[in-house]
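Each chain gets a letter, A, B and so on, in the order the sequences are listed, and its residues count up from 1. The analysis underlying the following values was restricted to heavy atoms, covering all of them including side chains, and did not include hydrogens, waters or symmetry mates.
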2 protein chains.
Amino acid sequence: MVSKTPDIPAEIEIPDEISGLRMTRQRQEVYRTLMQQRNHPTANDVFMRVKDRLPHISLATVYNCLEALVQHGIIRQVNFERESSRYCPNLSEHGHFHDATTGVIHDVDFKPGVNLADVLNLPPGAVIDDVEITLRGKLASA
Amino acid sequence: MVSKTPDIPAEIEIPDEISGLRMTRQRQEVYRTLMQQRNHPTANDVFMRVKDRLPHISLATVYNCLEALVQHGIIRQVNFERESSRYCPNLSEHGHFHDATTGVIHDVDFKPGVNLADVLNLPPGAVIDDVEITLRGKLASA
DNA sequence: ATCAATATCAAGAACTATTCCAATTATAAT
DNA sequence: ATTATAATTGGAATAGTTCTTGATATTGAT
Ligand SMILES: [Mn+2]
Ligand SMILES: [Mn+2]
Ligand SMILES: [Zn+2]
Ligand SMILES: [Zn+2]
C-alpha cells in the first residue's frame with residue numbers, strides 16, 4: 001500500500017534563486033517539505049520525507065541544505081533544550097510553545113506594539129539583534 | 001606560584017541536605033563553584049574549577065551533580081543554540097542576554113507585573129509551566 | 001560548444017557533548 | 001557489624017552534527 005492521500009494538496013512554486021542562494025533540486029525539496037510540514041521537523045524528519053522525491057539524497061545533504069537555507073534567512077533553526085534542532089519556515093518574528101502532553105510545537109506570535117524593554121530589565125546600552133522565546137506547558141483539553 | 005588571591009573571598013555555607021537532596025562533598029563543591037563563578041559556566045568549566053578542591057572528581061560526576069541539582073531546582077540549566085549547556089544558580093525567573101562581542105552572558109530580570117499573555121498571542125487554553133527568553137546582541141561600548 | 005573555475009552533493013569518517021555501564025566506595029538503616 | 005541503598009569513577013557507548021574527500025553539476029568565459 002504505497003499510495004496515500006496527501007494531506008496538503010498543492011505544489012509549491014519555488015524560484016530558481018532566493019536571496020542569492022542557488023535553489024538546487026535538493027534545496028527545493030528540503031524547502032518544500034518545510035513549507036508543507038509546518039510542525040517543526042528535525043533534520044531527520046526532513047530527510048525521511050524528502051527521500052520520497054529524491055531517493056538518492058543523503059542526510060549530510062539535508063543538513064547542508066538546511067544550513068544554507070538558515071544562513072540565507074529563508075528558514076529558521078529552533079532548539080529545545082538539548083533535543084535535535086528543528087526547522088521552521090515561519091519568518092515572522094515568533095516564539096514557540098511546546099505542548100508537554102502532545103509534543104506539538106505551536107508558533108506563538110508577538111502582540112503588536114510590544115517592545116522588550118517594557119518587559120525586561122535589559123543591561124544598559126544593550127542592542128538586541130535576536131530574540132528567542134520558548135514556552136513549555138499544557139493545553140487545557142476541555 | 002600556586003597561591004592566588006581569590007576574587008571572591010567568603011566561604012559559602014552549604015547545608016547537608018537541600019530539598020531532599022543529599023549534599024555530598026562533590027555536590028557541595030559543584031554548587032559552591034556555581035555560586036562563586038556566576039558567569040554561567042559549562043560542565044567542563046565547573047569540572048576544571050572543582051578539580052582544585054577535589055582532584056579525584058570525574059567529569060561524569062560533575063554531570064551527575066549538575067543533573068541532581070537541576071532536578072531538585074537548586075540550579076538551572078541554560079542552553080544557547082547547540083552549544084554546551086551552561087549552569088546558573090540564579091533561581092529568580094530571568095532570561096539571558098548573550099553579548100556577541102564579549103561572549104558574556106548577562107542575567108535579565110523580568111519587569112515586575114508583566115505577564116506573558118500581554119506580550120504573546122498564546123494558543124487558547126495554554127497553561128505555561130516554563131518560560132525561556134534568550135537575547136543576543138551587543139552592549140554599546142561607549 | 002568547449003573548457004576552466006566554482007559550487008554542490010554523497011558517503012562515510014570524525015567530532016563532541018552527554019549518557020550509560022560496571023565496579024568500587026560511601027552513607028544510611030537495622 | 002551487617003546489609004541495603006545511593007553516589008562516584010573511569011571508560012565505553014551514543015547521537016546529533018560537522019568534516020573530508022572525491023564525484024557531479026553548474027556557471028561564465030572563450
Ligand atoms: Mn520528529
Ligand atoms: Mn567556557
Ligand atoms: Zn516556528
Ligand atoms: Zn542565569
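- The distance from atom CZ of A:F47 to atom P of D:dT17 is 14 Å, rounded to the nearest whole Å.
- To the nearest 0.5 Å, the span separating CD1 on A:I57 from SG on A:C65 amounts to 5.5 Å.
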Tell me which donor-acceptor pairs under 3.5 Å the side chains of residues 123-135 of chain A have, and how far apart each pair is, sequence neighbours excluded?
residue : atom : partner : partner atom : Å
A:D129  : OD2  : B:K138  : NZ           : 2.6
A:D130  : OD2  : B:R136  : NE           : 3.4
A:D130  : OD2  : B:R136  : NH2          : 2.8
A:E132  : OE1  : B:R136  : NH2          : 3.2

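- Side-chain contact check for A:T61 and A:N64: no donor-acceptor pair (N or O, by modelled atom type) lies under 3.5 Å.
- Mapped onto DNA chain C by nearest heavy atom, B:N44 and B:R22 fall at different nucleotides, with B:N44 at the one closer to the 5' end.
- Between the side chains of B:R38 and B:N90, no donor-acceptor pair is found at a separation under 3.5 Å.
- Here A:V78 sits in one hydrophobic cluster together with A:F80, A:I105; the rule is ILVMFWY side chains under 4.5 Å apart, joined directly or through other members.
- Chain B approaches DNA chain C over the interval C:dA17 to C:dA28, counting the first and last nucleotide 5' to 3' with an atom under 4.0 Å from its heavy atoms.
- Here the CD-OG distance, from A:E67 to A:S85, works out to 11.0 Å after rounding to the nearest 0.5 Å.
- Across every non-hydrogen atom of A:R86 and A:N39, the tightest pair is NH1-O, 4.5 Å.
- From B:Q28, atom CD reaches atom CG of B:L69 across 10.5 Å, with rounding to the nearest 0.5 Å.
- In the model, A:D45 has no side-chain atom that pairs as donor or acceptor with a side-chain atom of A:H40 under 3.5 Å.
- Here A:Q26 lies in heavy-atom contact (under 4.0 Å) with sugar-phosphate atoms only.
- A rotation axis mapping the C1' atoms of four pairs onto the next four is fitted at both ends of the helix from C:dA1-D:dT30 to C:dT30-D:dA1 over five pairs, and the angle between these axes is 30° to 10 degrees.
- The separation between B:E83 atom CD and D:dT18 atom C1' is 16 Å, rounded to whole Å.
- Partners of A:F47 according to the ring-ring contact (aromatic ring centres under 6.0 Å, His included) rule, which considers only residues two or more places apart in sequence or in another chain, do not exist here.
- With distances taken from any side-chain atom of B:R82 to the nucleotides D:dG16, D:dT27, D:dA7, the minimum falls on D:dG16.
- Going from atom CD of B:E81 over to atom C1' of D:dT17 covers 14 Å, rounded to whole Å.
- Classification of the B:H106-B:F97 ring pair by plane angle, with boundaries at 30° and 60°, yields tilted.
- The stretch residues 59-70 of chain A touches DNA chain D through A:A60, A:Y63, each having a heavy atom within less than 4.0 Å of the strand.
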